[in-house]
Amino acid sequence: MKTVVSGIRPTGNLHLGNYYGALRNFLAMQEEHNCYFFVADWHSLTTHPDPKLLVANVLNVLSEYLACGINPEKATLYLQSDVPEIAELYLLMNMQAYLGELEKTVSFKEKARQNPNNVNAGLLTYPVLMATDILIHNADYVPVGKDQEQHLEMTRNYAGRFNNRYGVNFFKQPTAFISSENLVKIPGLDGSGKMGKSEGNAIYLVDDPKTIEKKVKGALTDNGPEGENSQKPDCIANLFTLLKIVSAPEVVAHYEELWNTGQSKWYGSLKKQLAEDIIITTAPIREKINDIKNNTDYLNKITKIGAEKARESAAKTLKEVRTIMGFRNL
Ligand code: TYM
């Protein structure tokens, strides 16, 4: 049995990128491994969320985890901020991270460019906190989408550096969990490479069928193939990527054939099919989300039990790290 850790930031509702990039793998892994899934609420602080909104978004992510099928009897489900051991290990791990490499992180550079007036230290050391989330349970696997690849590489660097510095073989080298050959990257509906909350190009698990139909209908397309077997522009390639994920192989083959034979006027039909297949996946989840979200007693109970289990594992790691580094454990 391996140890698995992963988290999602509470910055709104979860979208298809979160589902196919992360959550769907959580479901498979909880059946056979020791899993820790959490709501990364400290990670959302880089944008200074309004406290009321933060509370609402934590409930969103928790209820969406459960509606998708995370089973709190199989996996440990908790809030990052309920585990103070993470904050202490974060302080210790910060000493393994160098300014030059933090400044070069793709996600940091991107966020700093988007919000030049809010380049806070938390944003800079975001990868260290993420590494800490993973190392606090000494994880083997981390189910994430392709956008988190670099953060995982940094996690392995910090783990290795710690081991080298103290002459121990304590931290493992955690790897991204991959259910297929490649890490998944779900594209947006606007022709861009990544579906994201802030990009305004996402389909959310809570979206009702009408909204999904409208969004897919509005997805960016071109004027049709320029001849036979031509190369697809990004916006069309994206629609095919989505289709491959939610639709049957024969459906994909049918539209590939239309593209490759250079036919026109079938984008409407493809979009209709795509919307239908997305709705088939999301409808049962959406129906459960609202029931769970309103049951705050249940959510409190689950996360209290989750926090206790997570703290037990975290305290064990932290105690050993403190000893290795030369601190006493009172
Ligand atoms: P976050 O909250 O941005 O996203 C949560 C998960 O969803 C995946 N994801 C995607 N996968 C494929 N295609 C997309 N378009 C797409 N959009 C999002 C992300 O890869 C991620 O797995 N730093 C993390 C949260 C985190 C974490 C951790 C994850 C904090 N500590 C420890 C794993 C382990 C983040 O911002 O994910």
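Whatever order the structure lists them in is the order used to number ligands and atoms, beginning at 1. Fair warning: this is a prediction, and the values are worked out from it, not measured in the lab. Residue numbers run from 1 in the order of the sequence given.
- No N or O atom of S6 sits closer than 3.5 Å to an N or O atom of ligand 1.
- The residue T11 has no part lying near ligand 1, judged by heavy-atom distances below 4.0 Å.
- Selection from D147, V144, V184 by nearest heavy atom to atom 20 (O) of ligand 1 gives D147.
- Taking a cut-off of under 4.0 Å to the non-hydrogen atoms of I8, the atoms of ligand 1 that pass are 2 (O), 5 (C).
- If you number the atoms of ligand 1 from 1 as listed, the ones under 4.0 Å from a heavy atom of K194 come out as 15 (N), 17 (N).
- Considering backbone and side-chain N/O of Y126, one or more are found under 3.5 Å from N/O of ligand 1.
- For the residue pair T211 and D208, a side-chain donor N or O sits within less than 3.5 Å of a side-chain acceptor on the partner.
- A donor atom on one side chain and an acceptor atom on the other are found under 3.5 Å apart for D277 and Q273.
- If you take NZ on K271 and NZ on K217, they are separated by 9.0 Å, rounding to the nearest 0.5 Å.
- Atoms of ligand 1 found under 4.0 Å from any heavy atom of G7 (numbered from 1 in listed order, with element): 25 (C), 26 (C), 27 (C), 29 (C), 33 (C), 34 (C).
- Side-chain contact between K210 and I212 is absent, with no heavy atoms from C-beta onward closer than 4.5 Å.
- Using the six-membered ring where Trp is involved, F26 and F37 have ring planes that are parallel, under 30° apart on the 30 and 60° scheme.
- The neighbour count for E73 CD, taken as heavy atoms of other residues, nucleotides or ligands under 6.0 Å away, does not exceed 12.
- A 4.5 Å side-chain heavy-atom check between Y90 and D133 finds every atom pair outside the cut-off.
- Listed by number with element, the atoms of ligand 1 under 4.0 angstrom from any heavy atom of I134 are 32 (C), 34 (C).
- No part of F177 comes within 4.0 Å of ligand 1, judged by heavy-atom distances.
- Assignment of Y20 to the shell around ligand 1 is not supported, since no heavy atom sits closer than 4.0 Å.
- By the 3.5 Å distance cut-off applied to N or O atoms, I186 is counted among the residues near ligand 1.
- Under a 4.0 Å heavy-atom criterion, G196 is not in contact with ligand 1.
- Looking at heavy atoms from C-beta onward, N118 lies in side-chain contact with H48 at the 4.5 angstrom threshold.
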Worked verdict on S313 versus H137 for side chain to side chain donor-acceptor pair (under 3.5 Å):
CA-CA 6 Å; S313 155; H137 302 297; 2.6 Å; yes
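- Using the six-membered ring where Trp is involved, Y267 and W259 have ring planes that are parallel, under 30° apart on the 30 and 60° scheme.
- Looking at R9 against ligand 1, both its backbone and its side chain come within 4.0 Å, counting heavy atoms.
- Near G145, with a cut-off below 4.0 Å to any heavy atom, the atoms of ligand 1 are 11 (N), 19 (C), 20 (O), 22 (O).
- Proximity annotation for atom 9 (N) of ligand 1: of G21, P10, A202, G17, G17 comes nearest, heavy atoms only.
- Distance from atom 31 (N) of ligand 1 to its nearest protein heavy atom, with residue and atom name: D133 OD2, 2.7 Å.
- Polar contact check, K185 against ligand 1: no nitrogen or oxygen pair lies under 3.5 Å apart.
- The 12-atom threshold is exceeded at CG of D50, counting heavy atoms of other residues, nucleotides or ligands nearer than 6.0 Å.
- Residue contact annotation: Q80 has no non-hydrogen atom under 4.0 Å from ligand 1.
- Here the side chains of L92 and V321 are in contact, with some heavy-atom distance below 4.5 Å.
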Please determine whether side chain to side chain contact (heavy atoms under 4.5 Å, CB included) holds for the pair H254 and L258, giving the CA-CA distance in whole Å, both sets of side-chain angles, and the decisive distance to 0.1 Å.
CA-CA 7 Å; H254 167 69; L258 292 175; 3.8 Å; yes
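- In the vicinity of V142, heavy-atom distances shorter than 4.0 Å reach the ligand 1 atoms 33 (C), 34 (C).
- Contacts of L129 with ligand 1, taken as heavy-atom pairs under 4.0 Å, are absent altogether.
- For ligand 1, the polar-atom distance check finds an N/O of M195 within less than 3.5 Å of one of the ligand's N/O atoms.
- Considering only non-hydrogen atoms, atom 5 (C) of ligand 1 lies nearest to N18 out of N18, V61, L16.
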